[in-house]
Amino acid sequence: CGRGCDIGAFFNSSDYLLEPAFATGRLTVVDNAVVARILVDDRGLASGVQYFDRHTKAERQVHGKRVVVGASCVDSTRILLNSKSERYPNGIGNGSDVIGRFLSEQIRFHMSGFVPELLGGPTQNDDGIGGAHIYMPRFVPAGGKGRDYLRGFGMQFWGFGAQSGAGFGSSLPGYGVELKKAIKRRYPALVALHPYGEVLPRRENRITVEGTPTDAYGVPIARIEYAIGENERKMAEAMYDTCEQILHEAKAEILPYKRGSLDVNGGAIHEHGTCRMGDDPKRSALNGFCQSHEVKNLFVVDGSSFPTAT
């Protein structure tokens, strides 16, 4: 998540995936290509893809022995559902009617504060900690009791220290020189907590393309039907309890927040579940190798293959 760096010490797809692939001489990247559908042959196997040139809107096709889909959860699902044919009237590989269903995301919010040990300290070069965040895995509270919800949550720590910008200044009182002094004193001391809670997979949370408007290339767009439930609302209370406990134990000056508030659905951008893997072809679209149960040369390799957030 985030950009790489000049020396390649921070993972990014260009340095560690694309450049080595280019070096083999066997990779061709077609940019500005908007994929619409997966093509099938008379055996029911994937034979290639149909795509449109973003600038000219010309329709083109590319063929291959295997098709690997990795357009991220929402668009991969849209492509699969739009890949209808006489053999696959419900979308390619969707005889079980699970593709598009069980859409899951994560609930998330943010809490920040200033830790006393760093108040008034020198401004450090903290650029390197902006995206290489600390992670607190999911845990069971001491004694294992007291939870009234299923599953759990983890927590990321990012956007802290002396980063570019000081947006927290708008929440501080004062004006002029005194406000500038208050911002400068707190600038090195910011800590930020970002808990992510698992949403239970529900069949009715789904992506569809039936009856939707079409895009500029005449391809149906995705419709998203999604809502969280009581389990997630109970989990959110525990997430707030944990964040408050951490910041209070650190004796932090906590920035204003509204308990119970959550990011808008989709804000965590961790969508998954709509083309989930599993052993039972009646309840899943892919096997454990992200290979379609029904179309053996079709693979889906992004978050849509994950049944749950864990």
Side-chain angles (χ1 to χ4, degrees), residues 13 16-18 20-31 33-52 59-104 201-203 205-210 212 217 219-224 270-310:
S13 60
Y16 291 98
L17 299 177
L18 290 178
F22 275 126
T24 68
R26 301 173 64 187
L27 172 66
T28 300
V29 172
V30 181
D31 56 5
V34 184
V35 174
R37 297 173 181 87
I38 298 166
L39 307 173
V40 297
D41 60 21
D42 54 7
R43 298 171 296 168
L45 295 176
S47 61
V49 297
Q50 175 201 44
Y51 71 91
F52 292 89
E59 186 265 345
R60 292 187 169 85
Q61 296 182 2
V62 61
H63 298 275
K65 295 179 180 179
R66 299 169 188 84
V67 174
V68 180
V69 181
S72 82
C73 178
V74 175
D75 237 28
S76 287
T77 305
R78 177 196 181 202
I79 292 168
L80 294 168
L81 292 176
N82 277 325
S83 301
K84 294 181 172 66
S85 63
E86 184 176 342
R87 185 156 189 154
Y88 303 113
N90 202 31
I92 189 168
N94 194 29
S96 59
D97 191 34
V98 299
I99 294 180
R101 296 187 181 275
F102 303 103
L103 173 64
S104 299
R202 297 180 176 88
R203 186 175 176 83
N205 282 342
R206 64 184 303 198
I207 296 170
T208 61
V209 296
E210 297 299 329
T212 64
Y217 314 98
V219 182
I221 65 173
R223 175 187 290 118
I224 298 174
H270 289 167
E271 298 90 352
H272 56 278
T274 52
C275 193
R276 59 185 188 166
M277 63 175 75
D279 293 330
D280 185 354
K282 295 180 180 179
R283 301 178 63 245
S284 60
L286 309 173
N287 65 20
F289 298 97
C290 293
Q291 179 184 30
S292 169
H293 287 303
E294 299 176 25
V295 187
K296 297 305 181 183
N297 67 336
L298 174 64
F299 297 79
V300 184
V301 297
D302 53 35
S304 60
S305 65
F306 301 152
T308 70
T310 53

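In this text, all values refer to a predicted model and were calculated from it rather than measured experimentally.
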Exercise. Rounded to the nearest 0.5 Å, how far apart are CG of Leu298 and SG of Cys290?
Worked result: 11.0 Å

For this session: Specify the closest pair of heavy atoms between Ser76 and Gly70, including all atoms of both residues, with the distance to one decimal.
Result: OG-C, 3.8 Å

Exercise. Under 3.5 Å, side chain of Asp302 to main-chain N/O of Ala71, donor-acceptor pair present?
Worked result: yes

Exercise. Just how far is it from atom CG of Leu80 to atom OG1 of Thr274, taken to the nearest 0.5 Å?
Worked result: 8.0 Å

Exercise. Taking only residues two or more places apart in sequence, or in another chain, which ones meet Asn287 in a side chain to side chain donor-acceptor pair (under 3.5 Å)?
Worked result: Gln291

Exercise. Does Val74 offer a backbone N or O that forms a donor-acceptor pair with the side chain of Glu271 under 3.5 Å?
Worked result: no

For this session: Identify, with sequence neighbours excluded, every residue that meets side-chain contact (heavy atoms from CB on, under 4.5 Å) alongside Asn82.
Result: Arg37, Arg78, Val209, Val219, Pro220

Exercise. Tell me, which pairs form a salt bridge (charged side-chain N to carboxylate O under 4.0 Å, His left out) where one or both residues lie in residues 275-293, sequence neighbours left out?
Worked result: none

Seminar exercise, completed: For Arg223, the side-chain contact (heavy atoms from CB on, under 4.5 Å) test, sequence neighbours excluded, returns Thr208, Thr212, Glu225

For this session: Taking side-chain contact (heavy atoms from CB on, under 4.5 Å) as the test, write out the residues that go with Leu17, two or more places apart.
Result: Phe11, Ser13

Problem set entry | Under the side chain to side chain donor-acceptor pair (under 3.5 Å) test, residues paired with Glu86 that sit two or more places apart | none

Problem set entry | Results of salt bridge (Lys or Arg N to Asp or Glu O under 4.0 Å) for Arg26 - residues two or more places apart only | none

For this session: Write down the atom of Ala46, the atom of Ile38, and the distance for their closest heavy-atom approach.
Result: CB-CG2, 3.9 Å

For this session: Start with the C-alpha distance between Cys275 and Ile99, add both sets of side-chain angles, then the distance that settles side chain to side chain contact (heavy atoms under 4.5 Å, CB included), and finish with yes or no.
Result: CA-CA 5 Å; Cys275 193; Ile99 294 180; 4.2 Å; yes

For this session: Report, as yes or no, whether the 6.0 Å neighbourhood of atom CZ on Arg203 holds more than 12 heavy atoms from other residues, nucleotides or ligands.
Result: yes

Problem set entry | Steps toward side chain to side chain contact (heavy atoms under 4.5 Å, CB included) verdict (Ile224, Leu103) | CA-CA 9 Å; Ile224 298 174; Leu103 173 64; 3.6 Å; yes

For this session: Check Ile207 against Cys73 and note the closest heavy-atom contact, atom names and distance.
Result: CD1-O, 4.5 Å

Exercise. Counting N and O atoms only, with roles assigned by atom type, does the side chain of Tyr217 sit under 3.5 Å from a partner on the main chain of Glu59, one being a donor and the other an acceptor?
Worked result: no

Exercise. Between the main-chain N or O of Val301 and the side-chain N or O of Ser305, is there a donor-acceptor pair closer than 3.5 Å?
Worked result: no

Problem set entry | Nearest heavy-atom neighbours spanning Phe102 and Val98 | CE1-CG1, 4.4 Å

For this session: With sequence neighbours excluded, tell me which residues meet salt bridge (Lys or Arg N to Asp or Glu O under 4.0 Å) with Lys296.
Result: none

Problem set entry | Distance, nearest 0.5 Å, that separates CE of Met277 from OG of Ser304 | 9.0 Å

For this session: Tell me, with the steps shown, if Ile79 and Leu81 meet side chain to side chain contact (heavy atoms under 4.5 Å, CB included).
Result: CA-CA 6 Å; Ile79 292 168; Leu81 292 176; over 6 Å; no

For this session: Tell me, please, which residues at least two apart from Arg206 pass side chain to side chain donor-acceptor pair (under 3.5 Å).
Result: none

For this session: Would you please name every residue forming a side chain to side chain donor-acceptor pair (under 3.5 Å) with Ser47, sequence neighbours left out?
Result: none

Exercise. Do any pairs count as a ring-ring contact (aromatic ring centres under 6.0 Å, His included) and have a residue in residues 270-291, sequence neighbours left out, and if so which ones?
Worked result: Tyr196-His270

Exercise. With no hydrogens and no angle check, is any side-chain donor or acceptor of Arg87 less than 3.5 Å from a backbone partner on Leu45?
Worked result: no

For this session: Please report the closest heavy-atom contact between Gly44 and Tyr88, naming both atoms and the distance.
Result: O-OH, 2.5 Å

Exercise. Are any of the side-chain heavy atoms of Val62 and Val30 separated by less than 4.5 Å?
Worked result: no

Exercise. How would you list, by chain and number, every residue that makes a side-chain contact (heavy atoms from CB on, under 4.5 Å) with Pro281, sequence neighbours excluded?
Worked result: His293

